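Below is one structure, written out as structure tokens, with a few remarks after it.
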Amino acid sequence: MTPWLGLIVLLGSWSLGDWGAEACTCSPSHPQDAFCNSDIVIRAKVVGKKLVKEGPFGTLVYTIKQMKMYRGFTKMPHVQYIHTEASESLCGLKLEVNKYQYLLTGRVYDGKMYTGLCNFVERWDQLTLSQRKGLNYRYHLGCNCKIKSCYYLPCFVTSKNECLWTDMLSNFGYPGYQSKHYACIRQKGGYCSWYRGWAPPDKSIINATDP
């Protein structure tokens with residue numbers, strides 16, 4: 001198994017672009033789960049790219065200018081290159097050069113960062129204010145909580161460290177309101193619940209079914 005194919009198995013997350021790209025299938029994941037399960041989380045601008053002969057269809061290597069790191073300080077404190085499959089059917093990621101800043105998540109293999117369509121990758125200007133606050137502080141607080149997906153009713157939390165994620169039930173589809181505006185954070189008493197306020201969460205407890 002190549003490093004990137006292993007990455008597809010290990011991490012299903014929020015994708016950028018076309019989910020229906022032939023063999024590339026991604027399970028939806030809340031941005032907090034994507035954050036907590038990634039080796040590297042950074043904000044960066046792509047400044048170059050090249051195709052190298054690695055893997056069955058080659059590998060795209062993007063040169064980036066790292067703006068800020070949110071996760072991965074011990075794994076790789078400064079990222080200069082990110083690797084992805086050249087083929088979209090293998091979940092390869094297409095990024096614009098010298099155009100946008102991106103929020104990028106990925107895994108580290110053999111000293112290299114790998115990412116793709118099944119990772120949480122988004123243009124920075126498309127993130128909500130709550131998601132940006134989550135990256136800076138809140139998502140980290142919830143890495144010991146479990147976000148439980150609900151695809152059809154009825155569904156329930158089964159332990160105090162779970163938050164019920166119901167975006168997939170919405171008529172508006174995924175990503176939904178919880179993905180864009182909520183973090184699942186452990187509150188006083190050891191319970192995890194959805195949090196959407198502006199202040200630190202230690203004085204605010206929200207019912208686990210909210211919203």
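None of these values were measured; they are calculated from a predicted model. Just the heavy atoms: all of them, side chains too, but no hydrogens, waters or symmetry mates, feed the values below.
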If you measure only the distance, is there a donor-acceptor pair under 3.5 Å linking the side chains of Lys68 and Asn136?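 Yes - a donor-acceptor pair under 3.5 Å links their side chains.
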Mind checking what makes side-chain contact (heavy atoms from CB on, under 4.5 Å) contact with [X], not counting sequence neighbours?
X	answer
Gln66	Ile42, Met69, His78, Val79
Lys50	Val52, Val61
Asn144	Arg186
Gln126	Glu122, Arg123

Would you check if the distance from the ring center of His30 to the ring center of Trp194 is below 6.0 Å?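 Ring centres of Trp194 and His30 closer than 6.0 Å.
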Would Arg71 and Phe35 count as a cation-pi pair here, with the cationic atom under 6.0 angstrom from the ring centre and within 45° of the axis?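 Yes - Arg71 lies over the ring of Phe35, closer than 6.0 Å to its centre and within 45° of its axis.
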Report yes or no: is the cationic atom of Lys49 (NZ for Lys, CZ for Arg) under 6.0 Å from the centre of the six-membered ring of Tyr62, at an angle within 45° of the ring normal?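 No - Lys49 does not lie over the ring of Tyr62 by the 6.0 Å and 45° rule.
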Name all residues meeting the ring-ring contact (aromatic ring centres under 6.0 Å, His included) criterion together with His140; count only those two or more places apart in sequence or in a different chain, and write none if there are none.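 His140 satisfies ring-ring contact (aromatic ring centres under 6.0 Å, His included) with no residue once adjacent residues are dropped.
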Do side-chain atoms of [X] reach the backbone of [Y] as a donor and acceptor pair under 3.5 angstrom?
X	Y	result
Arg138	Arg132	no
Gln32	Gly142	yes
Thr84	Leu93	yes

Nearest heavy-atom pair of Cys36 and Tyr139: which atoms, and what distance?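 Shortest heavy-atom separation between Cys36 and Tyr139 comes out as SG-O, 3.6 Å.
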Minimal non-hydrogen separation, Lys99 against Lys45, with atom names: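 Taking Lys99 first and Lys45 second, the nearest heavy atoms are N-CE, 3.9 Å.
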Which distance, rounded to the nearest 0.5 Å, do you find between the CG of Leu60 and the OG1 of Thr115?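 With rounding to 0.5 Å, CG (Leu60) is 12.0 Å from OG1 (Thr115).
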Any residue meeting salt bridge (Lys or Arg N to Asp or Glu O under 4.0 Å) with Lys112, in chain and number order, not counting sequence neighbours: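 Partners of Lys112 under the salt bridge (Lys or Arg N to Asp or Glu O under 4.0 Å) test: Glu54.
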When you take the SG atom of each Cys, Cys184 and Cys192, is the space between them under 2.5 Å?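 Disulfide absent: SG-SG distance not under 2.5 Å.
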Would you say the SG of Cys118 sits under 2.5 Å from the SG of Cys26?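 Yes.
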